[in-house]
2 protein chains.
Amino acid sequence: MSTTTLSTKDNIRHTAEKLFRERGYAAIGMRELAREVGIEAPSIYNHYKSKDDLLREICFDIAEQFFKAFEIAERIHEKPGKKIKQLMKAHVSVIARNLEASEVFFNEWMFLQEPHLSDFKKQRYEYEMKFREAIEAGMKQGSFKKMNSKLVAFAIFSSLNATYDLLKNNEPMAEENIAEDIANLLLKGLKE
Amino acid sequence: MSTTTLSTKDNIRHTAEKLFRERGYAAIGMRELAREVGIEAPSIYNHYKSKDDLLREICFDIAEQFFKAFEIAERIHEKPGKKIKQLMKAHVSVIARNLEASEVFFNEWMFLQEPHLSDFKKQRYEYEMKFREAIEAGMKQGSFKKMNSKLVAFAIFSSLNATYDLLKNNEPMAEENIAEDIANLLLKGLKE
DNA sequence: TATATTCGCTAACAGTTGTTAGCCATGAGC
DNA sequence: GCTCATGGCTAACAACTGTTAGCGAATATA
(Lines give C-alpha, C1' and ligand atoms only; values in the text may rest on other atoms or scores of the structure.)
Protein backbone atom coordinates (compact mmCIF):
# COMPACT_ATOMS: atom_id res chain seq x y z
CA MET A 1 0.00 0.00 0.00
CA SER A 2 1.52 3.26 -1.10
CA THR A 3 1.34 6.08 1.42
CA THR A 4 2.04 8.87 -1.05
CA THR A 5 -0.44 11.71 -0.63
CA LEU A 6 -2.45 11.66 -3.81
CA SER A 7 -3.01 14.68 -5.98
CA THR A 8 -6.51 16.15 -6.04
CA LYS A 9 -6.94 14.82 -9.57
CA ASP A 10 -6.07 11.30 -8.47
CA ASN A 11 -8.41 11.66 -5.53
CA ILE A 12 -11.25 12.65 -7.84
CA ARG A 13 -10.46 9.77 -10.15
CA HIS A 14 -10.37 7.13 -7.43
CA THR A 15 -13.42 8.46 -5.65
CA ALA A 16 -15.30 8.50 -8.96
CA GLU A 17 -14.33 4.89 -9.62
CA LYS A 18 -15.59 3.89 -6.20
CA LEU A 19 -18.88 5.78 -6.45
CA PHE A 20 -19.63 4.92 -10.08
CA ARG A 21 -19.02 1.27 -9.25
CA GLU A 22 -21.19 1.32 -6.12
CA ARG A 23 -24.21 3.18 -7.41
CA GLY A 24 -23.78 3.72 -11.14
CA TYR A 25 -22.61 6.65 -13.25
CA ALA A 26 -26.05 8.15 -13.75
CA ALA A 27 -26.89 8.08 -10.05
CA ILE A 28 -23.81 10.01 -8.92
CA GLY A 29 -23.97 13.79 -9.07
CA MET A 30 -20.97 16.08 -9.28
CA ARG A 31 -21.82 17.56 -5.86
CA GLU A 32 -21.84 14.15 -4.21
CA LEU A 33 -18.58 13.20 -5.86
CA ALA A 34 -17.05 16.48 -4.75
CA ARG A 35 -18.29 16.09 -1.17
CA GLU A 36 -16.68 12.66 -0.95
CA VAL A 37 -13.39 14.10 -2.22
CA GLY A 38 -13.66 16.99 0.23
CA ILE A 39 -14.00 19.83 -2.26
CA GLU A 40 -16.82 21.74 -3.95
CA ALA A 41 -18.36 20.59 -7.21
CA PRO A 42 -17.04 23.34 -9.50
CA SER A 43 -13.48 22.58 -8.39
CA ILE A 44 -13.69 19.27 -10.22
CA TYR A 45 -13.71 21.26 -13.45
CA ASN A 46 -10.18 22.43 -12.73
CA HIS A 47 -9.11 18.82 -13.38
CA TYR A 48 -11.72 17.31 -15.71
CA LYS A 49 -13.60 18.98 -18.53
CA SER A 50 -16.87 17.23 -17.75
CA LYS A 51 -18.47 14.27 -16.05
CA ASP A 52 -18.22 12.38 -19.29
CA ASP A 53 -14.51 13.21 -19.44
CA LEU A 54 -14.02 11.40 -16.13
CA LEU A 55 -15.86 8.32 -17.30
CA ARG A 56 -13.94 8.35 -20.55
CA GLU A 57 -10.58 8.43 -18.80
CA ILE A 58 -11.55 5.49 -16.60
CA CYS A 59 -12.97 3.34 -19.40
CA PHE A 60 -10.25 3.92 -21.97
CA ASP A 61 -7.49 3.52 -19.43
CA ILE A 62 -8.79 0.06 -18.55
CA ALA A 63 -9.26 -0.80 -22.22
CA GLU A 64 -5.63 0.06 -22.85
CA GLN A 65 -4.52 -2.13 -19.98
CA PHE A 66 -6.49 -5.08 -21.33
CA PHE A 67 -4.84 -4.72 -24.72
CA LYS A 68 -1.35 -4.37 -23.29
CA ALA A 69 -1.75 -7.37 -21.00
CA PHE A 70 -3.08 -9.42 -23.90
CA GLU A 71 -0.17 -8.55 -26.16
CA ILE A 72 2.41 -9.45 -23.55
CA ALA A 73 0.71 -12.76 -22.77
CA GLU A 74 0.34 -13.53 -26.47
CA ARG A 75 4.07 -13.41 -27.12
CA ILE A 76 4.73 -16.52 -25.08
CA HIS A 77 4.03 -19.15 -27.71
CA GLU A 78 2.49 -22.25 -26.24
CA LYS A 79 0.04 -24.99 -27.03
CA PRO A 80 -3.60 -23.72 -27.24
CA GLY A 81 -4.51 -24.88 -23.74
CA LYS A 82 -1.57 -23.15 -22.09
CA LYS A 83 -2.04 -20.11 -24.29
CA ILE A 84 -5.68 -19.59 -23.32
CA LYS A 85 -4.65 -19.98 -19.72
CA GLN A 86 -2.02 -17.27 -20.14
CA LEU A 87 -4.54 -14.94 -21.74
CA MET A 88 -7.04 -15.57 -18.99
CA LYS A 89 -4.45 -14.84 -16.32
CA ALA A 90 -3.52 -11.61 -18.03
CA HIS A 91 -7.17 -10.61 -18.18
CA VAL A 92 -7.81 -11.40 -14.51
CA SER A 93 -4.65 -9.61 -13.51
CA VAL A 94 -5.92 -6.36 -15.05
CA ILE A 95 -9.21 -6.72 -13.18
CA ALA A 96 -7.45 -7.50 -9.91
CA ARG A 97 -5.17 -4.48 -10.24
CA ASN A 98 -8.15 -2.21 -11.01
CA LEU A 99 -10.96 -3.71 -9.01
CA GLU A 100 -13.28 -0.70 -8.97
CA ALA A 101 -12.32 0.82 -12.31
CA SER A 102 -12.75 -2.43 -14.20
CA GLU A 103 -16.30 -2.75 -12.88
CA VAL A 104 -16.99 0.73 -14.20
CA PHE A 105 -15.47 -0.34 -17.48
CA PHE A 106 -17.81 -3.35 -17.65
CA ASN A 107 -21.03 -1.77 -16.44
CA GLU A 108 -21.01 1.97 -17.13
CA TRP A 109 -19.51 2.29 -20.61
CA MET A 110 -22.96 2.82 -22.13
CA PHE A 111 -23.03 6.33 -20.66
CA LEU A 112 -20.10 7.40 -22.82
CA GLN A 113 -21.02 10.04 -25.35
CA GLU A 114 -20.32 9.93 -29.03
CA PRO A 115 -17.87 9.65 -30.65
CA HIS A 116 -16.23 7.88 -27.70
CA LEU A 117 -19.08 5.41 -27.36
CA SER A 118 -18.53 4.05 -30.86
CA ASP A 119 -14.79 4.03 -30.26
CA PHE A 120 -15.26 2.04 -27.13
CA LYS A 121 -17.55 -0.53 -28.73
CA LYS A 122 -15.05 -1.00 -31.54
CA GLN A 123 -12.21 -1.64 -29.12
CA ARG A 124 -14.29 -4.05 -27.08
CA TYR A 125 -15.20 -5.99 -30.20
CA GLU A 126 -11.54 -6.13 -31.28
CA TYR A 127 -10.55 -7.50 -27.91
CA GLU A 128 -13.28 -10.12 -28.00
CA MET A 129 -12.18 -11.17 -31.46
CA LYS A 130 -8.56 -11.59 -30.38
CA PHE A 131 -9.73 -14.01 -27.71
CA ARG A 132 -12.00 -15.84 -30.11
CA GLU A 133 -9.16 -16.26 -32.60
CA ALA A 134 -7.11 -17.98 -29.93
CA ILE A 135 -10.05 -20.25 -29.16
CA GLU A 136 -10.75 -21.07 -32.79
CA ALA A 137 -7.07 -21.76 -33.44
CA GLY A 138 -7.22 -24.37 -30.69
CA MET A 139 -10.32 -25.90 -32.25
CA LYS A 140 -8.80 -26.10 -35.73
CA GLN A 141 -5.62 -27.57 -34.34
CA GLY A 142 -7.62 -30.27 -32.56
CA SER A 143 -6.80 -29.37 -28.98
CA PHE A 144 -10.27 -28.02 -28.28
CA LYS A 145 -13.72 -29.42 -28.93
CA LYS A 146 -15.46 -27.89 -31.91
CA MET A 147 -18.07 -25.56 -30.42
CA ASN A 148 -19.69 -22.20 -31.10
CA SER A 149 -16.69 -19.97 -30.40
CA LYS A 150 -18.85 -17.00 -29.52
CA LEU A 151 -20.58 -18.99 -26.83
CA VAL A 152 -17.25 -20.19 -25.48
CA ALA A 153 -15.81 -16.67 -25.52
CA PHE A 154 -18.87 -15.31 -23.70
CA ALA A 155 -18.63 -18.05 -21.08
CA ILE A 156 -14.94 -17.31 -20.54
CA PHE A 157 -15.38 -13.55 -20.33
CA SER A 158 -18.36 -13.65 -18.03
CA SER A 159 -16.62 -16.13 -15.73
CA LEU A 160 -13.45 -14.05 -15.61
CA ASN A 161 -15.42 -10.90 -15.03
CA ALA A 162 -16.88 -12.42 -11.88
CA THR A 163 -13.43 -11.86 -10.37
CA TYR A 164 -14.61 -8.70 -8.66
CA ASP A 165 -17.32 -10.51 -6.73
CA LEU A 166 -14.98 -13.34 -5.84
CA LEU A 167 -12.33 -11.02 -4.46
CA LYS A 168 -14.82 -8.82 -2.66
CA ASN A 169 -17.28 -11.27 -1.15
CA ASN A 170 -15.02 -14.16 -0.35
CA GLU A 171 -12.56 -15.50 2.06
CA PRO A 172 -9.35 -14.05 0.63
CA MET A 173 -8.33 -15.80 -2.53
CA ALA A 174 -5.14 -15.14 -4.41
CA GLU A 175 -5.63 -13.46 -7.74
CA GLU A 176 -3.55 -16.09 -9.59
CA ASN A 177 -5.60 -18.90 -8.11
CA ILE A 178 -8.79 -17.39 -9.47
CA ALA A 179 -7.52 -17.35 -13.03
CA GLU A 180 -5.94 -20.79 -12.62
CA ASP A 181 -9.09 -22.34 -11.16
CA ILE A 182 -11.45 -20.79 -13.69
CA ALA A 183 -9.14 -21.82 -16.51
CA ASN A 184 -9.01 -25.40 -15.26
CA LEU A 185 -12.77 -25.48 -14.81
CA LEU A 186 -13.40 -24.23 -18.33
CA LEU A 187 -10.70 -26.38 -19.92
CA LYS A 188 -11.14 -29.66 -18.08
CA GLY A 189 -14.70 -29.38 -16.78
CA LEU A 190 -16.34 -29.87 -13.43
CA LYS A 191 -16.94 -33.59 -13.92
CA GLU A 192 -14.47 -35.98 -12.35
CA MET B 1 -46.51 -13.64 -30.73
CA SER B 2 -49.73 -12.67 -29.00
CA THR B 3 -51.73 -9.93 -30.65
CA THR B 4 -53.87 -9.10 -27.62
CA THR B 5 -53.98 -5.35 -27.04
CA LEU B 6 -52.14 -4.85 -23.78
CA SER B 7 -53.53 -2.88 -20.88
CA THR B 8 -51.89 0.46 -20.13
CA LYS B 9 -50.34 -1.03 -17.02
CA ASP B 10 -48.75 -3.83 -19.03
CA ASN B 11 -47.55 -1.30 -21.57
CA ILE B 12 -45.86 0.73 -18.85
CA ARG B 13 -44.30 -2.40 -17.42
CA HIS B 14 -42.89 -3.66 -20.70
CA THR B 15 -41.70 -0.26 -21.80
CA ALA B 16 -39.99 0.22 -18.45
CA GLU B 17 -38.26 -3.13 -18.80
CA LYS B 18 -37.01 -2.16 -22.24
CA LEU B 19 -35.79 1.30 -21.23
CA PHE B 20 -34.30 0.30 -17.88
CA ARG B 21 -32.40 -2.46 -19.65
CA GLU B 22 -31.16 -0.23 -22.46
CA ARG B 23 -30.02 2.78 -20.49
CA GLY B 24 -30.30 1.97 -16.77
CA TYR B 25 -32.91 2.74 -14.13
CA ALA B 26 -31.30 5.97 -12.96
CA ALA B 27 -31.00 7.37 -16.47
CA ILE B 28 -34.68 6.95 -17.37
CA GLY B 29 -37.07 9.68 -16.27
CA MET B 30 -40.78 9.27 -15.76
CA ARG B 31 -41.47 11.70 -18.60
CA GLU B 32 -39.38 9.71 -21.04
CA LEU B 33 -40.98 6.46 -19.98
CA ALA B 34 -44.41 8.04 -20.37
CA ARG B 35 -43.61 9.44 -23.81
CA GLU B 36 -42.54 6.00 -25.02
CA VAL B 37 -45.82 4.52 -23.72
CA GLY B 38 -47.78 7.32 -25.36
CA ILE B 39 -49.16 8.98 -22.23
CA GLU B 40 -48.14 11.80 -19.86
CA ALA B 41 -45.91 11.20 -16.86
CA PRO B 42 -48.48 11.72 -14.11
CA SER B 43 -50.72 9.08 -15.67
CA ILE B 44 -48.19 6.44 -14.71
CA TYR B 45 -49.16 7.07 -11.09
CA ASN B 46 -52.64 5.73 -11.80
CA HIS B 47 -50.97 2.32 -12.16
CA TYR B 48 -47.81 2.41 -10.07
CA LYS B 49 -47.23 4.16 -6.76
CA SER B 50 -43.72 5.30 -7.66
CA LYS B 51 -40.74 4.69 -9.91
CA ASP B 52 -39.35 2.37 -7.25
CA ASP B 53 -42.63 0.46 -7.25
CA LEU B 54 -42.13 -0.33 -10.92
CA LEU B 55 -38.59 -1.58 -10.41
CA ARG B 56 -39.70 -3.62 -7.43
CA GLU B 57 -42.42 -5.37 -9.39
CA ILE B 58 -39.98 -6.26 -12.17
CA CYS B 59 -37.21 -7.52 -9.88
CA PHE B 60 -39.35 -9.56 -7.52
CA ASP B 61 -41.39 -11.06 -10.32
CA ILE B 62 -38.22 -12.42 -11.91
CA ALA B 63 -36.92 -13.62 -8.55
CA GLU B 64 -40.12 -15.59 -8.06
CA GLN B 65 -39.78 -17.15 -11.48
CA PHE B 66 -36.22 -18.26 -10.75
CA PHE B 67 -37.34 -19.94 -7.54
CA LYS B 68 -40.29 -21.66 -9.16
CA ALA B 69 -38.25 -22.94 -12.07
CA PHE B 70 -35.60 -24.22 -9.67
CA GLU B 71 -38.11 -26.10 -7.56
CA ILE B 72 -39.69 -27.82 -10.54
CA ALA B 73 -36.31 -28.81 -11.97
CA GLU B 74 -35.14 -30.01 -8.58
CA ARG B 75 -37.94 -32.59 -8.26
CA ILE B 76 -36.57 -34.70 -11.06
CA HIS B 77 -34.06 -36.75 -9.12
CA GLU B 78 -31.01 -37.53 -11.15
CA LYS B 79 -27.28 -38.03 -10.86
CA PRO B 80 -25.40 -34.77 -10.02
CA GLY B 81 -24.29 -34.12 -13.59
CA LYS B 82 -27.79 -34.44 -15.01
CA LYS B 83 -29.23 -32.54 -12.09
CA ILE B 84 -26.98 -29.50 -12.55
CA LYS B 85 -27.84 -29.57 -16.21
CA GLN B 86 -31.55 -29.51 -15.36
CA LEU B 87 -31.07 -26.59 -13.00
CA MET B 88 -29.09 -24.68 -15.58
CA LYS B 89 -31.75 -25.25 -18.21
CA ALA B 90 -34.41 -24.01 -15.84
CA HIS B 91 -32.35 -20.90 -15.11
CA VAL B 92 -31.73 -20.13 -18.79
CA SER B 93 -35.36 -20.73 -19.59
CA VAL B 94 -36.42 -17.98 -17.17
CA ILE B 95 -33.94 -15.59 -18.77
CA ALA B 96 -35.07 -16.50 -22.27
CA ARG B 97 -38.74 -15.98 -21.40
CA ASN B 98 -37.96 -12.59 -19.80
CA LEU B 99 -35.09 -11.28 -21.86
CA GLU B 100 -35.39 -7.61 -20.94
CA ALA B 101 -36.76 -7.99 -17.42
CA SER B 102 -34.08 -10.46 -16.37
CA GLU B 103 -31.38 -8.01 -17.41
CA VAL B 104 -33.04 -5.39 -15.20
CA PHE B 105 -33.11 -7.98 -12.44
CA PHE B 106 -29.36 -8.58 -12.83
CA ASN B 107 -28.15 -5.02 -13.30
CA GLU B 108 -30.59 -2.58 -11.71
CA TRP B 109 -31.56 -4.20 -8.41
CA MET B 110 -29.21 -1.89 -6.50
CA PHE B 111 -31.63 0.97 -7.03
CA LEU B 112 -34.30 -0.74 -4.94
CA GLN B 113 -35.10 1.10 -1.76
CA GLU B 114 -35.16 -0.36 1.70
CA PRO B 115 -36.62 -2.57 2.98
CA HIS B 116 -36.96 -4.18 -0.44
CA LEU B 117 -33.25 -3.94 -1.14
CA SER B 118 -32.41 -6.15 1.84
CA ASP B 119 -35.22 -8.48 0.91
CA PHE B 120 -33.86 -8.81 -2.57
CA LYS B 121 -30.31 -9.50 -1.45
CA LYS B 122 -31.55 -12.19 0.90
CA GLN B 123 -33.48 -13.93 -1.85
CA ARG B 124 -30.53 -13.74 -4.21
CA TYR B 125 -28.28 -15.28 -1.61
CA GLU B 126 -30.78 -18.08 -0.95
CA TYR B 127 -30.96 -18.89 -4.63
CA GLU B 128 -27.19 -18.92 -4.94
CA MET B 129 -26.95 -21.28 -1.96
CA LYS B 130 -29.46 -23.69 -3.46
CA PHE B 131 -27.28 -23.97 -6.53
CA ARG B 132 -24.13 -24.36 -4.45
CA GLU B 133 -25.69 -27.15 -2.46
CA ALA B 134 -26.36 -29.07 -5.64
CA ILE B 135 -22.74 -28.52 -6.68
CA GLU B 136 -21.32 -29.54 -3.32
CA ALA B 137 -23.52 -32.62 -3.22
CA GLY B 138 -21.94 -33.69 -6.50
CA MET B 139 -18.48 -33.09 -5.08
CA LYS B 140 -19.13 -35.10 -1.92
CA GLN B 141 -20.66 -37.87 -3.95
CA GLY B 142 -17.53 -38.03 -6.11
CA SER B 143 -19.09 -37.04 -9.44
CA PHE B 144 -17.49 -33.61 -9.44
CA LYS B 145 -13.96 -32.46 -8.84
CA LYS B 146 -13.41 -30.95 -5.42
CA MET B 147 -13.16 -27.20 -6.01
CA ASN B 148 -14.14 -23.94 -4.37
CA SER B 149 -17.90 -24.18 -4.79
CA LYS B 150 -18.37 -20.44 -4.69
CA LEU B 151 -16.03 -20.02 -7.62
CA VAL B 152 -17.83 -22.74 -9.53
CA ALA B 153 -21.21 -21.24 -8.74
CA PHE B 154 -20.05 -17.79 -9.88
CA ALA B 155 -18.66 -19.22 -13.09
CA ILE B 156 -21.93 -21.03 -13.77
CA PHE B 157 -24.13 -18.02 -13.02
CA SER B 158 -22.10 -15.55 -14.97
CA SER B 159 -21.95 -17.88 -17.96
CA LEU B 160 -25.67 -18.51 -17.86
CA ASN B 161 -26.39 -14.84 -17.45
CA ALA B 162 -24.61 -14.15 -20.72
CA THR B 163 -27.68 -15.69 -22.37
CA TYR B 164 -29.08 -12.26 -23.10
CA ASP B 165 -26.07 -11.24 -25.17
CA LEU B 166 -26.00 -14.57 -26.96
CA LEU B 167 -29.66 -14.37 -27.94
CA LYS B 168 -29.48 -10.71 -28.89
CA ASN B 169 -26.16 -10.43 -30.73
CA ASN B 170 -25.99 -13.77 -32.45
CA GLU B 171 -27.16 -15.72 -35.35
CA PRO B 172 -30.36 -17.19 -33.92
CA MET B 173 -29.62 -19.93 -31.41
CA ALA B 174 -32.23 -22.03 -29.71
CA GLU B 175 -32.65 -21.33 -26.04
CA GLU B 176 -32.25 -25.01 -25.10
CA ASN B 177 -29.02 -25.28 -27.05
CA ILE B 178 -27.52 -22.43 -25.06
CA ALA B 179 -28.12 -24.13 -21.73
CA GLU B 180 -27.06 -27.50 -23.14
CA ASP B 181 -23.83 -26.13 -24.64
CA ILE B 182 -22.85 -24.09 -21.58
CA ALA B 183 -23.61 -27.06 -19.35
CA ASN B 184 -21.45 -29.34 -21.47
CA LEU B 185 -18.64 -26.80 -21.56
CA LEU B 186 -18.66 -26.36 -17.79
CA LEU B 187 -19.08 -30.06 -17.05
CA LYS B 188 -16.76 -31.63 -19.61
CA GLY B 189 -14.45 -28.74 -20.43
CA LEU B 190 -13.22 -27.17 -23.62
CA LYS B 191 -10.25 -29.51 -24.00
CA GLU B 192 -10.67 -32.40 -26.35
C1' DT C 1 9.87 41.76 -6.62
C1' DA C 2 6.61 41.52 -10.29
C1' DT C 3 3.85 38.31 -13.06
C1' DA C 4 1.44 34.34 -14.42
C1' DT C 5 -0.58 30.01 -13.40
C1' DT C 6 -2.91 26.83 -10.55
C1' DC C 7 -6.68 25.68 -7.96
C1' DG C 8 -9.75 26.41 -4.58
C1' DC C 9 -14.20 29.04 -3.66
C1' DT C 10 -19.38 31.25 -4.03
C1' DA C 11 -23.23 32.48 -6.86
C1' DA C 12 -25.92 31.45 -10.39
C1' DC C 13 -27.87 29.44 -14.91
C1' DA C 14 -31.34 26.80 -17.33
C1' DG C 15 -33.11 22.46 -17.50
C1' DT C 16 -34.71 18.18 -15.35
C1' DT C 17 -36.07 15.15 -11.50
C1' DG C 18 -40.08 12.41 -9.03
C1' DT C 19 -44.29 13.48 -7.49
C1' DT C 20 -48.88 15.73 -6.07
C1' DA C 21 -53.24 18.38 -6.63
C1' DG C 22 -56.97 18.80 -8.91
C1' DC C 23 -59.89 18.78 -13.13
C1' DC C 24 -62.56 16.34 -16.70
C1' DA C 25 -64.31 12.55 -19.73
C1' DT C 26 -65.59 7.88 -20.10
C1' DG C 27 -68.12 3.86 -18.91
C1' DA C 28 -70.10 0.44 -15.38
C1' DG C 29 -73.58 -0.65 -11.84
C1' DC C 30 -77.63 0.56 -9.59
C1' DG D 1 -80.55 8.87 -15.31
C1' DC D 2 -77.45 9.22 -11.17
C1' DT D 3 -73.36 7.88 -9.06
C1' DC D 4 -68.96 6.41 -8.63
C1' DA D 5 -64.58 4.56 -9.96
C1' DT D 6 -61.14 4.59 -13.57
C1' DG D 7 -57.69 6.74 -15.92
C1' DG D 8 -56.42 10.20 -18.68
C1' DC D 9 -54.92 15.31 -18.52
C1' DT D 10 -52.47 20.23 -17.16
C1' DA D 11 -50.08 22.97 -13.83
C1' DA D 12 -47.05 23.18 -10.42
C1' DC D 13 -43.78 21.94 -6.45
C1' DA D 14 -39.20 21.84 -4.43
C1' DA D 15 -35.09 19.66 -5.06
C1' DC D 16 -31.52 18.56 -7.88
C1' DT D 17 -28.71 18.25 -12.51
C1' DG D 18 -24.14 19.51 -15.05
C1' DT D 19 -21.83 23.44 -15.85
C1' DT D 20 -20.04 28.42 -16.22
C1' DA D 21 -18.50 33.01 -14.61
C1' DG D 22 -15.72 35.22 -11.99
C1' DC D 23 -13.15 36.12 -7.62
C1' DG D 24 -9.18 35.47 -4.52
C1' DA D 25 -5.26 33.14 -2.38
C1' DA D 26 -1.30 30.54 -2.88
C1' DT D 27 2.46 28.99 -5.57
C1' DA D 28 5.78 28.87 -9.41
C1' DT D 29 8.33 31.48 -12.84
C1' DA D 30 10.75 35.55 -14.59
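Note that these values count all heavy atoms, side chains included, but never hydrogens, waters or copies made by symmetry. Here is the naming used below: chain letters follow the sequence lines, and residue numbers restart at 1 for every chain.
Of the residues B:E32, B:E100, B:E36, the one that meets the salt bridge (charged side-chain N to carboxylate O under 4.0 Å, His left out) test with B:K18 is B:E36.
Taking the six-membered ring where the residue is Trp, A:H116 and A:F60 present perpendicular rings, their angle passing 60° and hence far from 30°.
Cation-pi geometry between A:K191 and B:F144 is not satisfied (NZ or CZ under 6.0 Å from the ring centre, within 45° of the ring normal). Cation-pi geometry between A:K9 and A:Y48 is satisfied (NZ or CZ under 6.0 Å from the ring centre, within 45° of the ring normal).
As rounded to whole Å, 15 Å separates atom C1' of D:dC23 from atom CD of A:E40. Per the geometry, CZ belonging to B:R35 stands 17 Å off C1' belonging to D:dC9, to the nearest Å. Between B:I39 atom CD1 and D:dT6 atom C1' the separation is 14 Å, expressed in whole Å. In this structure, A:I12 atom CD1 and C:dG8 atom C1' are separated by 11 Å, rounded to whole Å. Counting to the nearest Å, the C1' atom of D:dC9 and the NE2 atom of B:H47 are 12 Å from each other.
Residues B:M110 and B:Y25 are members of one and the same hydrophobic cluster, defined by side-chain heavy-atom contacts under 4.5 angstrom among Ile, Leu, Val, Met, Phe, Trp and Tyr.
One distance of note links CD of A:E128 with CD of A:Q123; it measures 14.0 Å at 0.5 Å rounding.
Atom NZ of B:K79 has 12 or fewer neighbouring heavy atoms from other residues, nucleotides or ligands inside a 6.0 Å radius.
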Handout entry: Contact pattern, 5' to 3', of nucleotides 14-29 of chain C - B, S or - by protein heavy atom under 4.0 Å
Key = ---BBBB---------
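For B:T8, no side-chain nitrogen or oxygen approaches OP1 or OP2 of D:dG7 to under 4.0 Å. In this structure, A:S43 does not reach the C:dC7 phosphate: none of its side-chain N or O atoms is under 4.0 Å from OP1 or OP2.
Applying the salt bridge (Lys or Arg N to Asp or Glu O under 4.0 Å) rule to B:E192 yields no partners; only residues at least two apart in sequence or on another chain are considered.
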Anything under 3.5 Å between a protein N or O and an N or O of nucleotides 3-6 of chain C, put it in a table, one pair a line.
none

